[in-house]
2 protein chains.
Amino acid sequence: MSPNSKKRAYQDGCAVAHALDIIGDRWAMPIMRELMLGPKRFTDLRAGLPGISANMLSQRLEELEAASIVVRGRLPPPAASQIYELTDWGRESEIVFQVLGRWACRSPTMEPGKPMSPVSVILSMRTMIDRDRIGDLDAAIGLRFGEEEFRVTLKGGDCLIDRGQAAGADAILSGDQNALVAVLYGGARYEDVHGALTIEGDRALAERFARLFPLPPKAPSMVSAG
Amino acid sequence: MSPNSKKRAYQDGCAVAHALDIIGDRWAMPIMRELMLGPKRFTDLRAGLPGISANMLSQRLEELEAASIVVRGRLPPPAASQIYELTDWGRESEIVFQVLGRWACRSPTMEPGKPMSPVSVILSMRTMIDRDRIGDLDAAIGLRFGEEEFRVTLKGGDCLIDRGQAAGADAILSGDQNALVAVLYGGARYEDVHGALTIEGDRALAERFARLFPLPPKAPSMVSAG
DNA sequence: CTGTATCCGTGTTGATACTG
DNA sequence: CAGTATCAACACGGATACAG
């Protein structure tokens with residue numbers, strides 16, 4: 001395992017310092033992010049975390065397990081492969097990701113256009129949804145990103161977004177999640193990303209849906225006159 | 001400066017990944033924490049960050065400045081020494097610290113008793129204050145930790161905690177901030193830490209004050225049978 | 001296929017010493 | 001007081017080999 005696991009730790013009673021001791025290492029939070037919407041296998045995790053090495057992932061999963069953030073499970077037979085899953089407390093960290101994401105998306109140095117994993121996109125929608133804009137919308141939107149399917153349920157002024165069947169929704173968007181990001185946050189129209197994203201069903205609903213996720217204004221840059 | 005600053009970055013459009021790119025490096029968030037209540041000099045920062053090396057602090061301050069989180073300033077003459085201070089946007093990250101702290105203080109592996117800086121203690125109080133318990137309390141509590149003074153203002157069911165004169169408050173607690181932590185969060189009574197913390201003024205107020213900061217329940221440990 | 005263990009080049013961190 | 005320089009130790013990332 002970890003023969004001489006001398007973890008470098010802040011010797012600090014501050015709860016934030018403890019948080020950094022357990023989830024502050026490189027890749028720890030992105031791994032948690034990928035698990036936020038449900039269990040994944042080792043290889044699925046790697047797919048959502050471009051650039052991570054098998055070593056890193058293996059080691060971080062051990063550490064997250066030791067911290068009671070992740071538990072190992074096994075899929076029911078016959079596909080009895082190992083899966084990793086957040087604990088209840090691990091799942092409760094979603095609010096941390098939301099608040100951190102809301103703060104960071106105002107960063108003057110954040111440059112758009114970099115690829116996002118399907119889970120990132122879904123979590124960003126959960127974060128940025130403006131419930132005031134839902135109004136009396138009562139509809140379901142299905143999202144298909146490769147093998148992964150999600151469902152957005154708008155009802156009673158609230159919005160639920162989770163894994164679920166896209167089929168049967170009033171509108172279904174299929175294709176590359178990055179194309180959807182361009183539409184939701186990048187000011188693009190569906191026509192602009194045509195070919196990367198296809199729309200089935202209620203087109204007007206898809207248009208209204210695309211405007212439910214406003215971005216907050218950027219913070220001013222303080223670097224060499226701003 | 002930074003001759004070959006090849007920063008290792010997540011190539012990820014996720015806002016959380018960007019957050020980690022700019023404040024995910026070791027010591028970045030503790031430095032921000034120390035600046036959260038106002039500007040500090042280099043040496044003051046080191047005092048609140050036991051274990052940090054001078055070059056780390058220097059390098060992180062550069063990076064935080066480049067990210068528009070920190071700006072360099074200068075105290076008015078004659079004490080024209082350099083100070084570091086959060087930008088408006090940097091100060092808006094306090095909510096991140098609060099949410100992260102609230103989540104992390106439930107960690108099964110968090111062990112109490114480690115020392116905290118005066119700023120940490122004040123921020124923890126801002127985080128954990130239970131406004132429902134304030135009731136109709138209308139009073140001021142002064143806190144003195146070494147050279148640093150703070151004031152807690154309870155009024156109209158709300159609570160303001162900031163740097164400010166301790167003198168003139170209805171009750172004044174002076175001494176070691178870690179002793180106050182033991183009383184607020186560790187279940188200790190003032191008598192238990194006598195000598196480390198002295199109380200002037202309204203003793204009953206000090207007692208009521210000490211119960212305004214309840215801790216949430218711990219999350220269960222998932223390690224080897226829980 | 002699903003991971004784990006080991007080696008190795010490189011960058012980051014931390015301790016000490018030193019300078020304006 | 002406010003940092004910079006130097007150097008040793010370690011963490012990271014990639015490749016490869018290995019085990020169930």
Side-chain angles (χ1 to χ4, degrees), chain A residues 1-12 17 20-31 34-35 39-65 70-85 147, chain B residues 1-12 17 20-31 34-35 39-65 70 72-75 77-85 147:
Chain A
M1 316 271 126
S2 28
N4 39 354
S5 59
K6 287 182 190 176
K7 275 219 53 174
R8 188 178 32 172
Y10 299 109
Q11 294 300 140
D12 193 320
L20 296 172
D21 281 339
I22 58 178
I23 65 169
D25 283 335
R26 190 164 174 76
W27 292 110
M29 289 185 66
I31 291 168
E34 287 302 307
L35 294 176
K40 287 202 173 193
R41 292 173 302 178
F42 194 87
T43 308
D44 301 332
L45 281 169
R46 291 197 73 175
L49 299 166
I52 196 171
S53 62
N55 290 344
M56 264 288 90
L57 180 53
S58 189
Q59 188 182 330
R60 288 294 172 266
L61 285 169
E62 270 182 41
E63 293 166 0
L64 290 171
E65 195 182 8
V70 162
V71 285
R72 265 165 232 253
R74 199 162 276 284
L75 282 179
S81 63
Q82 177 138 256
I83 54 169
Y84 298 89
E85 157 168 47
E147 302 299 294
Chain B
M1 322 255 130
S2 28
N4 39 355
S5 59
K6 286 184 189 178
K7 275 217 55 175
R8 186 180 34 173
Y10 299 109
Q11 292 300 140
D12 194 322
L20 297 172
D21 281 340
I22 58 179
I23 65 169
D25 282 337
R26 190 163 173 76
W27 291 110
M29 289 185 67
I31 291 168
E34 287 303 306
L35 294 175
K40 287 201 172 194
R41 290 172 303 176
F42 194 88
T43 308
D44 300 332
L45 281 169
R46 290 197 73 173
L49 300 166
I52 196 171
S53 61
N55 41 14
M56 259 292 90
L57 180 53
S58 189
Q59 188 181 329
R60 287 294 171 267
L61 285 169
E62 271 182 41
E63 293 166 1
L64 290 171
E65 195 182 8
V70 162
R72 265 164 235 253
R74 200 161 275 283
L75 281 179
S81 63
Q82 177 138 260
I83 55 168
Y84 298 90
E85 158 168 43
E147 302 298 294

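The sequence lines fix the lettering, A, B, ..., with proteins before strands; numbering per chain opens at 1. Remember, it's a predicted structure, so these values are computed and weren't measured experimentally. The analysis underlying the following values was restricted to heavy atoms, covering all of them including side chains, and did not include hydrogens, waters or symmetry mates.
Look at CZ on A:Phe42: it is 12 Å from C1' on C:dC1, rounded to the nearest Å. Between the CD atom of A:Glu63 and the C1' atom of C:dT4 there is a distance of 15 Å, rounded to whole Å. Going from atom CZ of A:Arg60 over to atom C1' of C:dG3 covers 17 Å, rounded to whole Å. Atom CG in B:Leu45 sits about 13 Å away from atom C1' in D:dG3, given to the nearest Å. Here C:dG14 presents its P atom at 11 Å from CD1 of B:Ile31, a figure rounded to the nearest Å. For A:Gln11 and C:dG14, the CD to P distance is 12 Å, given to the nearest whole Å. In this entry the distance linking CD1 of A:Ile83 with C1' of C:dG3 reads 15 Å, nearest Å. B:Asp21 has its CG atom 15 Å from the P atom of D:dC12, to the nearest Å.
Side chains of B:Ile22 and B:Leu64 form no contact here, defined as non-hydrogen atoms less than 4.5 Å apart. With contacts defined as side-chain heavy-atom distances shorter than 4.5 Å, the pair B:Pro30/B:Ile52 does not qualify. Contact check for B:Asp21 versus B:Tyr10: side-chain heavy atoms found under the 4.5 Å cut-off.
Minimum interatomic distance between A:Pro39 and A:Glu85 (heavy atoms only, all atoms of both residues): CG-OE2, 3.8 Å. Residues B:Phe42 and B:Leu61 approach most closely at CD1-CD1, 4.1 Å, considering heavy atoms. Considering all non-hydrogen atoms of both residues, B:Asp25 and B:Glu63 come closest at OD2-OE1, 3.8 Å.
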Q) Should B:Arg26 and A:Arg26 be marked as a side chain to side chain contact (heavy atoms under 4.5 Å, CB included) after you check the CA-CA gap, both sets of side-chain angles, and the distance that decides it? A) CA-CA 10 Å; B:Arg26 190 163 173 76; A:Arg26 190 164 174 76; over 6 Å; no
Q.
Test side chain to side chain contact (heavy atoms under 4.5 Å, CB included) on B:Leu35 and B:Leu45; report intermediate values, then the result.
A. CA-CA 8 Å; B:Leu35 294 175; B:Leu45 281 169; 3.7 Å; yes
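Taking for each of A:Leu61 and B:Asp25 the nucleotide of DNA chain C with the nearest heavy atom, the 5'-most of the two is the partner of A:Leu61.
Taking side-chain N and O atoms only, A:Gln59 has no distance below 4.0 Å to OP1 or OP2 of C:dA5. Side-chain N/O atoms of B:Ser58 include none lying less than 4.0 angstrom from OP1 or OP2 on D:dG3. The phosphate of C:dC1 (OP1 or OP2) has no side-chain N or O of A:Arg41 nearer than 4.0 angstrom. Contact between the side-chain N/O atoms of B:Tyr84 and the OP1/OP2 oxygens of D:dG3 is found at a separation under 4.0 Å. OP1 or OP2 of D:dC1 has not a single side-chain nitrogen or oxygen of B:Ser81 nearer than 4.0 Å.
Between the side chains of B:Arg41 and B:Tyr84, no donor-acceptor pair is found at a separation under 3.5 Å. Residues A:Ser53 and A:Asn55 have side chains that never bring a donor and an acceptor to within less than 3.5 angstrom of each other.
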Q. Can you give one letter per nucleotide of nucleotides 13-20 of chain D, going 5' to 3': B for a protein heavy atom under 4.0 Å from the base, S for sugar-phosphate only, - for none?
A. BBB-----
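Each end of the helix from C:dC1-D:dG20 to C:dG20-D:dC1 yields a helix axis from five base pairs, and these two axes differ in direction by 30° (to the nearest 10 degrees).
Counting any heavy atom pair closer than 4.0 Å across all strands shown, B:Arg46 reaches no nucleic acid atom. Using a 4.0 Å heavy-atom cutoff across all strands shown, A:Arg72 reaches sugar-phosphate atoms only and no base atom.
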